[in-house]
Amino acid sequence: MMPVQYSIGDIVQTRKQHPCGNDKWEIIRVGADFKIKCLNCGRVVMFDRENFEKRVKKILKSDEV
């Protein structure tokens with residue numbers, strides 16, 4: 001199975017909602033660690049790659065062609 005390619009600017013949906021009630025996040029850093037920003041309240045959260053891939057449900061918008 002091919003690993004999913006994430007890039008900066010992608011919008012992802014998480015399995016659980018953020019306490020503000022939103023489940024849509026923008027990726028602002030990619031690498032061994034991922035940094036994502038809540039599109040509702042602006043909170044920035046950082047995860048290692050393993051935890052990030054477990055939490056993401058699907059990619060809603062990708063900047064790649």
Side-chain angles (χ1 to χ4, degrees):
M1 187 170 158
M2 289 283 296
V4 178
Q5 294 293 318
Y6 298 101
S7 60
I8 295 173
D10 288 354
I11 306 297
V12 296
Q13 181 179 16
T14 55
R15 296 188 187 280
K16 291 186 177 179
Q17 288 187 344
H18 188 243
C20 73
N22 188 40
D23 65 349
K24 293 167 185 60
W25 300 77
E26 178 183 3
I27 299 175
I28 56 176
R29 179 180 174 200
V30 177
D33 294 320
F34 281 80
K35 193 178 276 190
I36 57 176
K37 182 173 84 171
C38 179
L39 293 179
N40 188 35
C41 68
R43 170 77 69 184
V44 175
V45 182
M46 197 163 184
F47 295 108
D48 59 59
R49 181 174 285 272
E50 183 180 352
N51 276 330
F52 175 77
E53 289 178 348
K54 285 181 186 175
R55 292 173 187 260
V56 170
K57 189 173 186 179
K58 63 182 175 180
I59 298 176
L60 298 175
K61 178 181 147 274
S62 180
D63 285 347
E64 293 184 4
V65 175

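In this structure, the side-chain contact (heavy atoms from CB on, under 4.5 Å) partners of V56, at least two apart in sequence or on a different chain, are Y6, V12, F52. Q13 meets the side-chain hydrogen bond (donor to acceptor under 3.5 Å, both in side chains) test with D23; sequence neighbours excluded.
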Discussion item. side-chain contact (heavy atoms from CB on, under 4.5 Å) for E53 and V4? Distances and angles first, verdict last.
Written reply: CA-CA 9 Å; E53 289 178 348; V4 178; 5.9 Å; no
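By the criterion of side-chain heavy atoms lying less than 4.5 angstrom apart, applied directly or through intervening Ile, Leu, Val, Met, Phe, Trp or Tyr residues, V30 is not grouped with L39; the two fall into different hydrophobic clusters. There is no path of hydrophobic side-chain contacts, each under 4.5 Å, that joins I28 to F34.
Shown are I36, L60, I27; of these, the side chain to side chain contact (heavy atoms under 4.5 Å, CB included) with I11 is made only by L60.
When every heavy atom of M46 is checked against every heavy atom of D33, the shortest pair comes out as CE-CB, 3.6 Å. When every heavy atom of K37 is checked against every heavy atom of V44, the shortest pair comes out as CG-CG2, 4.1 Å.
You'll find the side chain of R55 stays beyond 4.5 Å of the side chain of R15, heavy atoms only. In this structure, H18 and C41 have side chains that are in contact, with non-hydrogen atoms separated by less than 4.5 Å.
Residue-environment remark: CZ (R43) stays at or below the threshold of 12 foreign heavy atoms within 6.0 Å. The neighbour count for K61 NZ, taken as heavy atoms of other residues, nucleotides or ligands under 6.0 Å away, is above 12.
Listed for the D10 side chain is a donor-acceptor partner under 3.5 Å among the backbone atoms of S7. Between the side chain of R49 and the backbone N or O of G31 there is at least one donor-acceptor pair closer than 3.5 Å.
For the atom pair SG of C38 and CD of E26, the computed distance is 11.0 Å after rounding to the nearest 0.5 Å. Rounding to the nearest 0.5 Å gives a distance of 13.0 Å between NZ of K16 and NZ of K57.
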